Amino acid sequence: MIRQVGVLTGGGDCPGLNAVIRAVTKSLILQNNVRVIGFEDGFDGLICRKPVDLSYDAVSGILQTGGTILGTSNKANPFRHAVEKNGKLEYEDRSKEVLDYVHELKLDALVCIGGDGTMAISKKLIEIGVPVVGVPKTIDNDIYHTDMTFGYDTAVSIAADAIDRVHTTAQSHHRVMLVEVMGRYAGWLTLSAGIAGGADIILLPELEYDLDVVCERCIARSHKGRRFSIIAVSEGAKPIGGKHVVSRIVEDSPDQIRLGGIAIKLGNDIEDQTGLETRATVLGHLQRGGSPTAFDRVLATRYGVAAAELVARGEFNQMVALQGNEIVSVPISEVGGKTRTVPLDSSLIAAAKAVGTSMGV
Ligand code: F6P
């Protein structure tokens with residue numbers, strides 16, 4: 001018999017988080033008469049004891065809203081909690097206190113909504129005895145064993161719209177326009193947005209690009225009378241033998257590297273080599289903002305309901321996942337801390353190539 005369930009959102013925010021919180025909460029209240037407790041700011045809410053009562057009313061009217069009503073953190077980690085001592089950051093293991101808190105609250109389960117980092121922490125919480133159910137979130141779509149994370153479809157739409165929009169300036173000014181798309185070390189978002197936005201060249205982290213090939217394609221287009229080119233470039237893309245462009249190091253984050261700036265570097269390289277005028281747009285956090293698409297609202301609701309069902313059946317330590325069009329569950333132990341990249345034999349890459357898009361190699 002399940003009576004009390006905790007919910008938290010971890011890692012970067014993402015469209016559809018509120019839709020999942022709503023679905024988990026409403027479903028547990030309506031189907032199982034369970035009390036649902038949210039925790040603010042991801043795992044920080046468990047470490048620093050920040051509970052929020054999630055009543056039916058508290059989660060009404062949030063389906064279409066972006067962000068997370070609970071707040072989130074991509075730094076909080078019960079096993080490596082940063083504290084400042086004498087101006088220096090030191091790390092403490094607070095997992096025992098978190099376990100005590102879970103027992104004190106008499107939580108029967110904890111629903112962790114997040115990406116690979118959240119699943120990696122969930123895996124360790126499971127090992128010390130916290131019953132967890134996971135829900136896969138990220139615009140990067142890079143979580144193992146699920147065909148799609150919620151938030152991805154919204155980000156693809158935003159990035160594709162941006163690529164559409166730079167076409168007019170590119171055409172009018174005869175420029176090479178570069179659009180930098182998020183995704184860390186996985187190219188899903190760039191690939192889908194590039195195809196949907198009709199990019200001429202798509203550059204992914206999975207395929208180191210050849211600057212000569214990229215430049216030749218831009219020149220060839222202008223010789224054919226197409227006096228502009230559009231390049232969709234992943235923030236994790238790099239030239240053959242080159243390095244990632246890092247925008248900042250976040251010292252107290254488990255994943256310290258933040259990528260960003262390759263579009264500007266590559267734009268300068270193309271201009272130097274070809275003489276063509278270039279401009280770069282870095283889309284950044286616009287891609288994570290605002291209201292989720294209808295597709296993501298549906299997926300988030302299916303995920304939330306499936307997570308509540310796992311909890312009600314006592315099937316813990318599983319993450320809900322989409323495989324084909326079926327919602328299934330997979331062991332969290334097989335998911336955490338891994339990155340699902342685009343396979344080089346992906347049908348998406350083949351489709352892009354078949355319509356003449358260059359992959360820069
Ligand atoms: O994982 C989601 C994501 O938006 C990545 O695509 C991006 O590299 C990163 O998070 C940015 O992190 P932050 O919000 O800390 O700048």
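For ligands, and for the atoms within them, numbers begin at 1 and follow the listed sequence. Just so you know, these numbers come straight off a predicted model, no measurement behind them.
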### Task
Would you check if there is a donor-acceptor pair between the side chains of Q64 and S291 at a distance under 3.5 Å?
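Side-chain D/A pair, S291 to Q64: absent.
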#### Entry: Test: R3 and D108 ion pair at under 4.0 Å
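The answer is no: the pair does not qualify as a salt bridge.
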### Task
Answer yes or no: is there an ion pair linking R35 with D53, defined by an N-O contact shorter than 4.0 Å?
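Salt bridge present between R35 and D53.
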When you measure from [atom] to every protein heavy atom, which one gives the shortest distance, and what is it?
atom	value
atom 8 (O) of ligand 1	E235 OE2, 2.5 Å
atom 11 (C) of ligand 1	R288 NH1, 3.7 Å
atom 15 (O) of ligand 1	R258 NE, 2.6 Å

### Task
Select the closest option to atom 5 (C) of ligand 1 among L189, D140, T72, judged by heavy-atom distance.
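Checking each option, the heavy atom nearest atom 5 (C) of ligand 1 is found in D140.
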Do any heavy atoms of [X] fall under 4.0 Å from ligand 1?
X	result
H285	yes
G183	yes
L259	no

### Query
Quick one: are P136 and M319 in side-chain contact, heavy atoms under 4.5 Å?
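Of all side-chain heavy-atom pairs linking M319 with P136, at least one is under 4.5 Å.
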### Within 6.0 Å of NZ in K75, more than 12 heavy atoms from elsewhere
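It does not: K75 NZ has 12 such atoms or fewer within range.
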### Query
Considering distance alone, does some N or O of I139 sit under 3.5 Å from an N or O of ligand 1?
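Between I139 and ligand 1, no N or O pair is found under 3.5 Å apart.
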### Query
Strictly under 6.0 Å, is that where the ring centroids of F43 and H81 end up?
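Not under 6.0 Å, so no.
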